[in-house]
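Numbering of residues begins at 1 and proceeds along the displayed sequence. The analysis underlying the following values was restricted to heavy atoms, covering all of them including side chains, and did not include hydrogens, waters or symmetry mates. Here the structure is a predicted model, which is why all the values come from computation and not from measurement.
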Amino acid sequence: CVKWNVYMKHVHPMWQEPLDIPGGDRQSPIDIVVRKSVFDPQLRPLKVQYDPRTCQQIWNNGYSFLVEYDDTTDKSTLKGGPLEDQFRLCQFHFHWGENNAWGSEHSIDRRLYPAELHLVHWNSDKYSLFEEAVIEENGLAVIAVFLKIGKRHEGLQKLVDALPAYVISSSFSIQDSVVEFTKFDPACLLPEKIDDYWTYAGSLTTPPLTEAVTWIVMKQHIEVSHDQVGGRYLFPYSYVSACLNVSSYIFFSFFRKPTQLLQLHSL
Ligand SMILES: N=Nc1ccc(S(N)(=O)=O)cc1
Ligand SMILES: [Zn+2]
């Protein structure tokens with residue numbers, strides 16, 4: 001999966017104005033207005049098949065981190081739901097804020113969550129690399145899961161424990177660094193009812209912002225404990241303070257309207 005930097009407005013030049021937003025009529029994130037979502041009986045159940053053995057490493061790009069998967073075969077895949085093709089898992093990452101009042105990118109009726117998980121997949125039926133798929137209209141599928149502060153998430157703890165010392169320090173190192181991380185099944189981060197979701201055609205939420213994403217936003221959140229996401233662990237403040245300039249970017253998501261927001265209730 002291609003190396004990806006989290007571009008911070010005041011930190012990374014990629015966020016400097018003017019942003020070259022391709023197209024611009026299906027930009028993410030959005031505010032999901034629940035009463036405007038439409039039930040679509042043609043949406044099928046999601047088929048998530050992840051092989052923990054494809055988990056490879058945690059990559060820190062100096063601003064955040066992502067967990068990367070071997071996407072050279074169809075061992076960890078997503079299909080069904082709104083998807084016509086098979087998509088390969090290549091990485092997952094989180095978005096968070098400076099405190100637990102906000103942090104997610106999408107919002108539900110303007111309500112933000114403390115954090116949001118993105119499981120990123122690319123269309124392996126039509127393309128042979130993430131880099132090819134990322135510029136195509138039906139190239140990517142991202143599952144979004146909201147995080148709320150509550151009980152400890154046992155599955156997540158393996159990731160928190162594996163995070164390298166530099167992430168737990170008070171500030172991220174700026175250099176890229178990678179630590180080995182294996183046998184992690186990201187399905188443990190999904191909520192119980194994965195067939196209860198909203199879906200819409202959108203974009204990457206950070207550069208290159210390409211309008212290539214079928215978003216599948218889970219209605220059910222997962223719970224993680226405060227010490228898993230607060231303090232000095234998964235979401236160290238040094239990075240989150242870097243997010244502040246991005247919050248205005250998220251603010252505008254309240255005013256973005258999706259072209260067609262579909263919803264599938266649990267079967
Ligand atoms: N260049 N790679 C990217 C992958 C996923 C996302 S997101 N945050 O939309 O899932 C953004 C950029
Ligand atoms: Zn993301």
Side-chain angles (χ1 to χ4, degrees), residues 1-8 11-12 14 48-78 86-96 103 105 115-124 127-134 139-145 147 153-190 204-208 213 222 224 228-229 231-236 238-240 242-243:
C1 177
V2 77
K3 293 291 181 198
W4 160 58
N5 273 304
V6 179
Y7 301 86
M8 293 300 121
V11 175
H12 195 286
M14 287 293 280
V48 178
Q49 289 171 314
Y50 294 149
D51 180 344
R53 291 170 299 179
T54 56
C55 187
Q56 288 185 315
Q57 59 199 16
I58 302 172
W59 175 55
N60 151 49
N61 52 39
Y63 306 98
S64 179
F65 68 89
L66 50 101
V67 180
E68 296 186 300
Y69 283 73
D70 171 14
D71 59 356
T72 55
T73 68
D74 277 327
K75 284 202 183 106
S76 290
T77 58
L78 169 65
Q86 177 168 267
F87 288 69
R88 255 182 221 172
L89 174 70
C90 67
Q91 53 108 324
F92 72 80
H93 61 273
F94 296 87
H95 298 266
W96 59 86
E105 295 203 309
E116 184 174 335
L117 161 68
H118 288 160
L119 292 145
V120 182
H121 313 74
W122 55 273
N123 187 331
S124 56
Y127 311 106
S128 47
L129 289 170
F130 173 87
E131 290 86 333
E132 283 174 30
V134 72
L140 304 179
V142 181
I143 295 176
V145 183
L147 276 68
H153 191 295
E154 290 310 328
L156 182 68
Q157 194 56 37
K158 182 183 174 191
L159 174 57
V160 175
D161 292 341
L163 284 175
Y166 59 74
V167 176
I168 302 179
S169 68
S170 56
S171 64
F172 267 47
S173 64
I174 298 299
Q175 302 81 7
D176 285 4
S177 48
V178 166
V179 286
E180 189 185 47
F181 183 61
T182 56
K183 299 189 194 62
F184 183 78
D185 180 0
C188 77
L189 299 174
L190 294 172
L204 296 178
T205 63
T206 62
V213 183
I222 60 170
V224 298
Q228 286 180 310
V229 296
R232 295 158 26 86
Y233 289 103
L234 200 46
F235 306 102
S238 56
Y239 167 71
V240 294
C243 287

Checklist entry - Is there side-chain contact between Leu66 and Phe94, with at least one heavy-atom pair below 4.5 Å? => result no
Next on the checklist: Run the ring pair (Phe, Tyr, Trp, His ring centres under 6.0 Å) test against His118 and tell me which residues pass, sequence neighbours left out.
Outcome noted: His93, His95, Trp215
Checklist entry - Which residues pass the side-chain contact (heavy atoms from CB on, under 4.5 Å) test with Gln86, sequence neighbours left out? => result Asp74, Thr77, Lys79, Ser124, Asp125
Next on the checklist: To the nearest 0.5 Å, what is the distance between NZ on Lys75 and OG1 on Thr73?
Outcome noted: 4.0 Å
Item to check | Minimum-distance pair of heavy atoms, taken over all atoms of Ser76 and Thr54 | outcome: OG-OG1, 2.8 Å
Item to check | Minimum side-chain heavy-atom gap Asn123-Leu140 below 4.5 Å | outcome: no
Checklist entry - Side chains of Leu189 and His153: does their closest heavy-atom pair fall under 4.5 Å? => result yes
Checklist outcome for this item: Nearest heavy-atom contact between Thr182 and Lys158 is O-NZ, 2.8 Å
Checklist entry - Where is the tightest heavy-atom contact between Leu204 and Val134, given as atom of each residue plus distance? => result CD1-CG2, 3.6 Å
Item to check | Phe184: ring pair (Phe, Tyr, Trp, His ring centres under 6.0 Å) partners, not counting sequence neighbours | outcome: Phe92, Phe181
Item to check | Heavy-atom side-chain proximity of Leu89 to Pro186 below 4.5 angstrom | outcome: yes
Checklist entry - Can you check whether Lys183's main-chain N or O pairs, donor with acceptor, with Arg53's side chain at less than 3.5 Å? => result no
Next on the checklist: Can you confirm whether Ser177 sits close enough to Trp59 that some side-chain heavy atom of one is under 4.5 Å from a side-chain heavy atom of the other?
Outcome noted: no
Checklist outcome for this item: Closest non-hydrogen contact found for Leu156 with Val224 is CD2-CG1, 3.4 Å
Next on the checklist: Could you work out, with ring pair (Phe, Tyr, Trp, His ring centres under 6.0 Å) as the rule, every residue matching Tyr50, not counting sequence neighbours?
Outcome noted: His121
Checklist entry - Is any side-chain heavy atom of Leu163 closer than 4.5 Å to a side-chain heavy atom of Ile58? => result yes
Checklist outcome for this item: Residues Trp122 and Ala133: closest non-hydrogen pair is CB-CB, 3.8 Å
Item to check | Heavy-atom check, side chain of Phe65 versus side chain of Leu159, under 4.5 Å | outcome: yes
Next on the checklist: Distance check, rounded to the nearest 0.5 Å: Leu190 atom CG versus Leu117 atom CG?
Outcome noted: 7.5 Å
Next on the checklist: For Leu78 and Ile143: C-alpha separation, side-chain torsions, deciding distance, then whether side-chain contact (heavy atoms from CB on, under 4.5 Å) applies.
Outcome noted: CA-CA 9 Å; Leu78 169 65; Ile143 295 176; 3.9 Å; yes
Next on the checklist: To check you understand the geometry: which heavy-atom pair defines the closest contact between Asp71 and Cys90, and what is its length?
Outcome noted: OD2-CB, 3.3 Å
Checklist entry - What pairs with Glu154 under salt bridge (charged side-chain N to carboxylate O under 4.0 Å, His left out), at least two apart in sequence or on another chain? => result Arg152
Next on the checklist: Going by the rule side-chain hydrogen bond (donor to acceptor under 3.5 Å, both in side chains), which residues pair with Thr72 if we only count those two or more places apart in sequence or in a different chain?
Outcome noted: Asp70
Next on the checklist: Could you check whether any side-chain heavy atom of Glu116 comes within less than 4.5 Å of a side-chain heavy atom of Glu105, counting everything from C-beta outward?
Outcome noted: yes
Item to check | Pair Gln56, Glu68: side-chain N/O donor-acceptor within cut-off below 3.5 Å | outcome: no
